[in-house]
Amino acid sequence: MDDPSGADDESLMQAYGARGDTVAFDTLYARHRARLYRYLLRGIGNPQQADDLFQETWSRVIDARARYRPEARFTTWLLQIAHNLLVDAYRRQPGRKTVDDAEAVLAQLPAAEHEQPEQQLSQFQARRSLQSAIERLPDEQRLALLMKWEHDLSVEDIAQATGTARETVKSRLRYAIRRIRDELGVSSRSDA
């Protein structure tokens, strides 16, 4: 593939699988690494475990390259691998400290230089409250919500990635959003 930057993800993965095109793989990796890592970190809440799951996800992509078929979006396939690894990690570690670890990562995010300290603090507190609310969601709701928000997946894509019925995904998203709104004190209708 001469210039992979304009190719869609599915074509890149096919080029990598069929011809071992490492430039195509590098392009896929560059496109998806940040969002995949955020998904895993928010899903597991522990940076070390997220690193391990991140590496394992890409290892499985590499191992499956010859078997890849574009029956779904590449992103859906990638997140299905990551989701399965998260589920396995949940089973191995029932007691994890997700909120503290996620807050530590959020605390390291740089603030915009042009903002006043009060704005920075207010935005940090809002992000921290939202992240804490997300972390307190049941695993299935949290993962569905992160797939929707982080990766902009459709309900159908989330259903395929998680091996769950479409209506179940819709319910999980609806309950997750309702729970977050309730926790943050945000009304779902305008109180004008």
Non-hydrogen side-chain atoms of Phe25 and Arg65 separated by less than 4.5 Å: no
Inter-residue atom distance Thr75.OG1 - Asp157.CG, 0.5 Å rounding: 8.5 Å
Separation between CG of Leu36 and NE2 of His151, rounded to the nearest 0.5 Å: 6.0 Å
Heavy-atom check, side chain of Thr164 versus side chain of Glu140, under 4.5 Å: no
Shortest non-hydrogen separation from Ala24 to Ala15 and the atoms involved: CB-CB, 4.1 Å
Leu78 vs Asp9, side chain to side chain contact (heavy atoms under 4.5 Å, CB included): CA-CA, chis, key distance, verdict: CA-CA 11 Å; Leu78 179 67; Asp9 293 339; over 6 Å; no
Separation of Trp77 CH2 from Met13 CE (nearest 0.5 Å): 4.0 Å
Gln160 versus Ala72, closest heavy-atom pair with distance: NE2-CB, 3.3 Å
Within one Ile-Leu-Val-Met-Phe-Trp-Tyr cluster: Ile180 and Leu173, side-chain cutoff 4.5 Å: yes
Flag side-chain contact, heavy atom, 4.5 Å: Pro138 against Arg172: no
Side-chain heavy-atom pair His32, Trp58 within 4.5 angstrom cut-off: yes
Distance, nearest 0.5 Å, that separates CZ of Arg136 from CD of Glu183: 4.0 Å
Pair Asp52-Gln48, side-chain donor/acceptor within less than 3.5 Å: yes
Passing candidate, side-chain contact (heavy atoms from CB on, under 4.5 Å) with His83, options Leu143, Leu146, Ile158: Leu143
Test item: Tyr16 and Ile62 side chains (from C-beta on) under 4.5 Å apart, heavy atoms: yes
Distance in Å, Leu153 CG paired with Gln80 CD, rounded so as to fall on 0.5 Å steps: 11.0 Å
Minimum side-chain heavy-atom gap Lys148-Val169 below 4.5 Å: no
Validation row: Arg60, Leu85 side chains within 4.5 angstrom (heavy atoms): yes
Residues Arg142, Asp139: salt bridge by 4.0 Å N-O rule: yes
Nearest atoms (heavy-atom pairs only) where Ile134 meets Leu145: CG1-CD2, 4.4 Å
Electrostatic pair Glu156:Arg166 at N-O distance under 4.0 angstrom: yes
Which atom of Ala89 lies closest to which atom of Ile44, heavy atoms considered: CB-CD1, 3.8 Å
Heavy atoms of other groups near Tyr68 OH, more than 12 under 6.0 Å: yes
Same cluster (ILVMFWY, side-chain, under 4.5 Å), Val87 and Met147: no
Any Leu28 side-chain heavy atom under 4.5 Å of Val61 side chain: no
Value rounded to 0.5 Å, distance of OG1 in Thr76 from CZ in Phe74: 10.5 Å
Pair Ser171-Arg174, side-chain hydrogen bond (donor to acceptor under 3.5 Å, both in side chains): steps then yes or no: CA-CA 5 Å; Ser171 293; Arg174 184 174 53 250; 3.2 Å; yes
Closest non-hydrogen atom pair, Arg31 against Asp8: NH1-C, 3.9 Å
